[in-house]
Q: 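Dropping the structure in here first, questions after.
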Amino acid sequence: MGQFLHSKSFFVHLVLIFCFLGAPRVYASESSLTLDYYTSTCPTVFDVVRKEMECAVTSDPRNAAFIVRLHFHDCFIQGCDGSILLDDTFTLKGEKTATTNIHSLKGFELIDKIKNIAESDCPGIVSCADILTIAARDAVILVGGPYWDVPVGRKDSVTASFELANTNLPTPDESLLSIMSKFLYQGLSVTDMVALSGAHTIGMARCPSFRSRIYGDFGSTSIKNPISESYLNNLKSICPPIRGGKSNISALDYVTPYLFDNSYYQLLLNGEGLLNSDQEMYSSIFGIETRELVNKYAADPLAFFQQFSDSMVKMGNIINSETLINGDVRKNCRFVNT
């Protein structure tokens, strides 16, 4: 009976959050995207992206996480339409300065560089949205992750949404139910959510993103051993409890921070997830399904790689329906064409 009540409470909670967000305006669809979209118009684009990403990740492995995060934030706001790349102008309020983005997004210059080369090779052909999507795939491969084919043919939006950037994106201290609702809103499943969260096997987080976690329930979720205690003490040394340290960072996966593997899930099993939102997938009382998936991916890296690949394609296929009507191919990813 208790389990039924938990299930009923879970369902009601999800419905309420989903109603708050409103009906989805974008959805996962692959009808307008193909693998051969640029075969005749810009056959070099995949090679161009790969070469520039190789240089960037070799120079600084953090560039891999920067680009993957950019792609994720782009798709979750109003579909994978390159809107995250737009700068503020007198007539357009971009998404870069939203609370969820302002201190967490980097890699814009790298996308600019790739776009400039693509424009030189194939003027007016390759969208910024496609460049970012291809670059995210290559970023994962270059740090040891899986390969997947990238459907292309996206158009760049002529709008951005500062408001949706502040409401659609998951935040570090958000509850499991709320984050699940945000994935469902995008047409992504709980399985997609757990697999895509595995991107946190690379990348860094700023002190304000994990302060509440390390001074909250970290001690109660983590295994009591010298390694875990040393890790927590180190986190507290760079992130004070009240003020200061806002620019200090820590790896989301302190075991293999620059390698795309399943270590992230093993940390969750040990109760050592850096963000509250990550650890909730294993420790929350509502995490029956998510806990099973965390266990699965922690034990089977191939299963994680396969699902991550599938979920990245699915997320990359979230379409901003407006771009089907008035989408464009920007000459400069930072500005709408005039």
Side-chain angles (χ1 to χ4, degrees), residues 45 48-121 124 126-140 142-143 150 152 154-166 168-169 199-200 202-206 209 247 249 252 258 312 315-316 318 320 323 327-338:
V45 62
V48 166
V49 175
R50 176 61 182 249
K51 179 182 177 182
E52 293 306 315
M53 287 303 301
E54 282 181 349
C55 291
V57 174
T58 300
S59 174
D60 184 350
R62 293 180 302 172
N63 280 316
F66 293 160
I67 297 302
V68 172
R69 182 175 294 178
L70 263 185
H71 178 49
F72 178 89
H73 282 228
D74 184 39
C75 294
F76 259 61
I77 296 175
Q78 54 179 32
C80 309
D81 61 358
S83 61
I84 194 70
L85 305 172
L86 290 168
D87 284 349
D88 288 352
T89 67
F90 288 115
T91 58
L92 184 144
K93 177 69 171 175
E95 299 160 0
K96 294 179 180 179
T97 58
T99 304
T100 49
N101 292 331
I102 189 168
H103 296 300
S104 66
L105 296 185
K106 296 182 180 181
F108 297 106
E109 294 80 7
L110 178 52
I111 298 301
D112 290 339
K113 184 178 181 182
I114 298 172
K115 174 62 174 175
N116 288 339
I117 298 171
E119 279 297 299
S120 177
D121 290 352
V126 184
S127 68
C128 298
D130 273 346
I131 287 174
L132 180 54
T133 307
I134 299 166
R137 187 275 308 273
D138 290 348
V140 170
L142 289 165
V143 288
V150 179
V152 287
R154 297 165 189 81
K155 296 299 182 183
D156 295 324
S157 68
V158 296
T159 63
S161 180
F162 180 85
E163 293 75 18
L164 289 179
N166 278 321
N168 282 16
L169 288 164
H200 284 177
I202 56 174
M204 303 284 174
R206 294 171 62 253
S209 296
S247 296
I249 59 174
L252 290 159
Y258 301 116
M312 283 294 283
M315 183 182 76
I318 299 174
N320 177 351
T323 63
D328 204 350
V329 174
R330 292 184 212 134
K331 298 175 183 177
N332 182 329
C333 292
R334 294 173 179 265
F335 303 103
V336 174
N337 292 341
T338 55

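The chain is numbered in sequence order, starting from 1.
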Q: At their closest point, which heavy atom of Ile131 faces which heavy atom of Val49, and how far apart are they?
A: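 For Ile131 versus Val49, the nearest heavy atoms are O-CG1, 4.4 Å.
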
Q: Looking at residues at least two apart in the chain, or sitting in another chain, which of them share a side-chain hydrogen bond (donor to acceptor under 3.5 Å, both in side chains) with Asp328?
A: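 By the side-chain hydrogen bond (donor to acceptor under 3.5 Å, both in side chains) rule, Asp328 matches Asn337.
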
Q: For the side chain of Asp156 and the backbone of Gly82, is there at least one donor-acceptor N/O pair under 3.5 Å apart?
A: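 Checked: no pair found.
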
Q: Under the rule for side-chain hydrogen bond (donor to acceptor under 3.5 Å, both in side chains), what residues qualify as partners of Asp138, not counting sequence neighbours?
A: none

Q: Quick one: closest heavy-atom pair of Gly203 and Ala65, and the distance?
A: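 Taking Gly203 first and Ala65 second, the nearest heavy atoms are CA-CB, 3.4 Å.
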
Q: Apply salt bridge (charged side-chain N to carboxylate O under 4.0 Å, His left out) to residues Asp81 and Lys155 and explain how you reach the verdict.
A: CA-CA 6 Å; Asp81 61 358; Lys155 296 299 182 183; over 6 Å; no

Q: Restricting to non-hydrogen atoms, name the atom on Ile77 and the atom on Ala165 that form the minimum distance, rounded to 0.1 Å.
A: CD1-CB, 3.7 Å

Q: Between Asn332 and Asn116, is any pair of side-chain heavy atoms under 4.5 Å apart?
A: no

Q: Just jot down the side-chain contact (heavy atoms from CB on, under 4.5 Å) partners of Asn166, sequence neighbours excluded, or say none.
A: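 In terms of side-chain contact (heavy atoms from CB on, under 4.5 Å), with neighbours along the sequence ignored, Asn166 is linked to Ala98, Thr99, Thr100, Phe162.
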
Q: Which atoms form the tightest heavy-atom contact between Val68 and Ala136, and what is the distance?
A: CG2-O, 3.9 Å

Q: Taking only residues two or more places apart in sequence, or in another chain, which ones meet Arg50 in a salt bridge (Lys or Arg N to Asp or Glu O under 4.0 Å)?
A: Glu54

Q: Quick one: does any side-chain atom of Asp74 pair with a main-chain N or O of Ala129 as donor and acceptor, under 3.5 Å?
A: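 Judged by distance alone, no pair lies under 3.5 Å.
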
Q: Is the side chain of Thr58 donor-acceptor paired with the backbone N or O of Cys55 at a distance under 3.5 Å, no angle test?
A: no

Q: Output the distance between atom OG (Ser83) and atom CG (Asn320), rounded to the nearest 0.5 Å.
A: 7.5 Å

Q: Passes side-chain contact (heavy atoms from CB on, under 4.5 Å), Ser157 versus Gln78? Steps please.
A: CA-CA 9 Å; Ser157 68; Gln78 54 179 32; 3.7 Å; yes

Q: Write down the atom of Ile111, the atom of Ala135, and the distance for their closest heavy-atom approach.
A: CD1-CB, 4.2 Å

Q: On a heavy-atom basis, which atom in Ile202 and which in Tyr258 lie closest, and how many Å separate them?
A: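 Closest approach of Ile202 to Tyr258: CG2-C, 4.2 Å.
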
Q: Only counting residues at least two apart or in another chain, list the ones meeting ring-ring contact (aromatic ring centres under 6.0 Å, His included) with Phe72.
A: Phe76

Q: Looking at residues at least two apart in the chain, or sitting in another chain, which of them share a salt bridge (Lys or Arg N to Asp or Glu O under 4.0 Å) with Asp112?
A: Arg334

Q: Suppose we screen for salt bridge (Lys or Arg N to Asp or Glu O under 4.0 Å). Which residues come up paired with Lys113, at least two apart in sequence or across chains?
A: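 Counting only residues at least two positions away or on another chain, Lys113 forms a salt bridge (Lys or Arg N to Asp or Glu O under 4.0 Å) with Glu52.
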
Q: One pair to check against side-chain contact (heavy atoms from CB on, under 4.5 Å): Val329 and Val126. What are the steps and the verdict?
A: CA-CA 7 Å; Val329 174; Val126 184; 5.7 Å; no

Q: Looking only at side chains, do Ser161 and Glu95 share a donor and an acceptor under 3.5 Å apart?
A: no

Q: For the side chain of Arg330 and the backbone of Cys128, is there at least one donor-acceptor N/O pair under 3.5 Å apart?
A: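 No, Arg330 side chain to Cys128 backbone: no donor-acceptor pair under 3.5 Å.
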
Q: Tell me, which pairs form a ring-ring contact (aromatic ring centres under 6.0 Å, His included) where one or both residues lie in residues 84-120, sequence neighbours left out?
A: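 Residue pairs with at least one partner in residues 84-120: there are none.
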
Q: Please list, chain by chain and in numerical order, all residues satisfying side-chain hydrogen bond (donor to acceptor under 3.5 Å, both in side chains) with His71, sequence neighbours excluded.
A: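 By the side-chain hydrogen bond (donor to acceptor under 3.5 Å, both in side chains) rule, His71 matches no residue at all.
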
Q: In chain order, what residues pass the salt bridge (Lys or Arg N to Asp or Glu O under 4.0 Å) check against Lys115, with sequence neighbours excluded?
A: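 Testing Lys115 for salt bridge (Lys or Arg N to Asp or Glu O under 4.0 Å), a comparison that skips the adjacent residues, returns Glu119.
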
Q: Does NZ belonging to Lys331 count more than 12 external heavy atoms closer than 6.0 Å?
A: no

Q: Closer than 4.0 angstrom, basic N to acidic O: yes or no for Lys96 and Asp87?
A: yes

Q: Give the intermediate values and the outcome of side-chain contact (heavy atoms from CB on, under 4.5 Å) for residues Ile134 and Met53.
A: CA-CA 10 Å; Ile134 299 166; Met53 287 303 301; over 6 Å; no

Q: Using the test side-chain contact (heavy atoms from CB on, under 4.5 Å), find all partners of Val336 that sit at least two apart in sequence or belong to another chain.
A: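 side-chain contact (heavy atoms from CB on, under 4.5 Å) list for Val336, sorted by chain: Leu86, Leu92, Val158.
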
Q: Working note: Val152 + Arg154, criterion side-chain contact (heavy atoms from CB on, under 4.5 Å); need CA distance, chi angles, decisive distance, verdict.
A: CA-CA 6 Å; Val152 287; Arg154 297 165 189 81; 4.1 Å; yes

